[in-house]
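What follows is a short report on a single structure.
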Amino acid sequence: MNNQLLKRAWILLLAALMLVALSACGVPPEEDADSAPQEEGVDTGGQEDASYTAYSTQGVAFAVPADWTRAEGTDLFYATGRQEVYGLNGASPLGSYSPQGFYEALVGHYEDTNQFSSLQAAETMDAWQSADGIDCYAADLTGYQDSILYCTKLIVAPQKNLVLTFCGQANAETVGDPSQVWGMLNFLCESLTFEVGTQDEITGNTFLCGDGSQLCLQDGGDFRWYQSAEDHEHQYYEGVYEVYRGQAAMDKVASMTEYGLTMEELERVLSVCLNGYIPGESRPVDYFYATGELEDNRERYQVCLDTFYGVILHNQRLITSPEEVREGGNSTLYIGFYLPELGMADLTNCNVGSNTQWTFQEKTA
């Protein structure tokens with residue numbers, strides 16, 4: 001399997017997401033000339049006074065004017081008083097590709113397939129930052145097909161494993177200079193925030209483990225690990241714990257040289273998992289399954305750097321009974337991903353190399 005085939009699989013996925021929405025939505029019906037006056041440029045003063053509503057979808061959120069009308073079955077909106085459509089047109093995992101590599105392949109795909117009669121695209125992506133401070137890359141593509149103008153802002157967020165395409169659509173003959181559409185589209189994108197991996201899902205929670213045991217993590221950093229969720233009176237462990245998430249988890253694990261995991265190895269593991277994660281059994285070969293090059297029907301989940309965790313349990317005492325307490329114990333490192341769709345952390349016990357799954361039960365009392 002060569003890299004060109006893998007690249008093509010991902011690009012076709014993104015292209016399909018874009019084209020289905022574009023062709024299905026189109027441009028709003030013609031309105032009476034008195035009800036839809038054409039404007040020169042973007043009336044930012046009016047936008048500042050407008051009422052906005054937060055729209056949440058596909059792991060992101062952005063603000064749209066409250067009087068805009070959503071196009072049914074899409075994440076696009078008809079702009080009131082304008083014969084234009086704006087919104088999120090597609091979302092896809094970035095996988096293990098670089099932002100620039102993905103962008104070049106996407107532009108190449110459009111050029112090879114003559115998707116647009118005219119396409120304007122920069123050679124490289126630029127650094128860009130979302131409203132919540134996530135470092136991204138962005139590029140603008142302006143295309144024409146028949147009488148429709150398509151303005152597309154491609155936003156790549158490696159930290160979130162997401163590729164987003166925001167679009168503005170208008171009748172090319174009516175709108176004339178595309179700067180009006182670009183002004184409104186950029187205004188919309190300025191409010192972009194991410195909802196993936198934004199909070200610590202481990203600290204202070206109680207989990208049911210795969211072997212029937214129960215782990216209760218206190219907000220203050222103490223924990224108890226019961227052999228049975230139904231029996232809190234007999235043998236259990238007490239200790240303290242540490243939780244690291246995202247890049248901090250990668251840095252911490254790489255610094256624990258006793259486990260022999262280098263940053264390069266951790267990054268390779270992350271790269272493979274970004275292409276579609278299978279709880280308890282993700283392997284390098286799943287890279288090919290996730291891109292559709294090998295047939296497979298197993299359920300996959302999207303993970304990213306910000307959903308990667310390192311958890312260290314420092315066992316301090318074993319309580320067999322109120323009268324029998326054994327002081328001391330070892331420390332155990334767990335690494336893996338939290339999957340919000342399942343409410344579960346899928347982890348590897350690095351001390352013994354085994355898989356374990358912690359399913360969220362409740363906030364620890």
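Quick caveat, the model's predicted, so the values are computed rather than measured.
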Self-check item: Shortest non-hydrogen contact between L162 and G59, atoms and distance
Solution: CD1-O, 4.5 Å
Exercise. Only one of F116, Y144, F166, Y86 passes ring-ring contact (aromatic ring centres under 6.0 Å, His included) with Y150; say which it is.
Key: F116
Self-check item: Under 3.5 Å: donor-acceptor pair, side chain of D346, backbone of G336
Solution: no
Quiz item: Hey, does S228 have a side-chain heavy atom less than 4.5 Å from the side chain of S213?
Solution: no
Quiz item: Hey, does T332 have a side-chain heavy atom less than 4.5 Å from the side chain of N330?
Solution: yes
Self-check item: Where at least one partner belongs to residues 244-263, residue pairs that pass ring pair (Phe, Tyr, Trp, His ring centres under 6.0 Å), sequence neighbours excluded
Solution: none
Quiz prompt | Close aromatic pair by centroid cut-off 6.0 Å: F337 and Y277 | solution = yes
Quiz item: Under a 4.5 Å side-chain heavy-atom rule over Ile, Leu, Val, Met, Phe, Trp and Tyr, are I335 and L347 clustered together?
Solution: no
Quiz item: Which heavy atom of T152 sits nearest a heavy atom of T165, and at what distance?
Solution: CG2-CB, 4.1 Å
Quiz item: Donor-acceptor pair, T113 side chain versus H109 backbone, under 3.5 Å?
Solution: yes
Self-check item: Verdict with reasoning, T206 to T364, per side-chain hydrogen bond (donor to acceptor under 3.5 Å, both in side chains)
Solution: CA-CA 5 Å; T206 292; T364 304; 2.8 Å; yes
Quiz item: Looking at I312, T356, T348, which one forms a side chain to side chain contact (heavy atoms under 4.5 Å, CB included) with Y334?
Solution: T356
Exercise. Side-chain contact test, heavy atoms from C-beta onward, threshold under 4.5 Å: evaluate it for Y103 versus S98 and give yes or no.
Key: no
Quiz prompt | Set of side-chain contact (heavy atoms from CB on, under 4.5 Å) partners for Q199, sequence neighbours left out | solution = E201
Self-check item: For the student: nearest non-hydrogen atoms of M125 and Q100, plus distance
Solution: N-OE1, 3.0 Å
Quiz item: Under the salt bridge (charged side-chain N to carboxylate O under 4.0 Å, His left out) test, which residues partner E111, sequence neighbours left out?
Solution: none
Practice problem: Measure the acute angle between the ring planes of Y226 and Y236, then classify it against the limits of 30° and 60° as parallel, tilted or perpendicular. | Solution: tilted
Practice problem: Give me the ring orientation class for F62 and Y55: parallel if the planes are under 30° apart, tilted from 30 to 60°, perpendicular past 60°. | Solution: perpendicular
Exercise. Taking the side chain as every heavy atom from C-beta outward, state whether D75 and N89 have any pair of such atoms under 4.5 Å apart.
Key: no
Self-check item: Cationic N near anionic O, under 4.0 Å, K153 to D140
Solution: yes
Self-check item: Closest heavy-atom pair and its distance - C151, L185
Solution: O-CD2, 3.5 Å
Quiz item: Any donor and acceptor pair, going by atom type alone, linking the side chain of R245 with main-chain N or O of G197 inside 3.5 Å?
Solution: yes
Self-check item: Distance-minimising heavy-atom pair for A254 and T262
Solution: CB-C, 4.4 Å
Quiz item: Do the side-chain N and O atoms of E195 and S56 include a donor-acceptor pair separated by under 3.5 angstrom?
Solution: yes
Quiz item: Is the closest side-chain donor-acceptor distance between Q83 and N171 under 3.5 Å?
Solution: no
Practice problem: Determine the minimum heavy-atom distance between D219 and G204, stating which atoms define it. | Solution: OD1-CA, 3.2 Å
Quiz item: Taking side chain as C-beta onward, heavy atoms only, is L106 less than 4.5 Å from L154?
Solution: yes
Quiz item: V175 versus E84: any side-chain heavy-atom pair under 4.5 Å?
Solution: yes
Practice problem: Indicate yes or no: at least one non-hydrogen side-chain atom of V156 is less than 4.5 angstrom from one of C136. | Solution: no
Practice problem: Please check if any side-chain donor atom of Q361 sits under 3.5 Å from a side-chain acceptor atom of Q214, or the reverse. | Solution: yes
Exercise. May I ask you to check whether over 12 heavy atoms, not counting those of E123, lie within 6.0 Å of atom CD?
Key: no
Practice problem: Could you verify whether a donor N or O on one side chain and an acceptor N or O on the other, from T142 and W182, lie under 3.5 Å apart? | Solution: yes
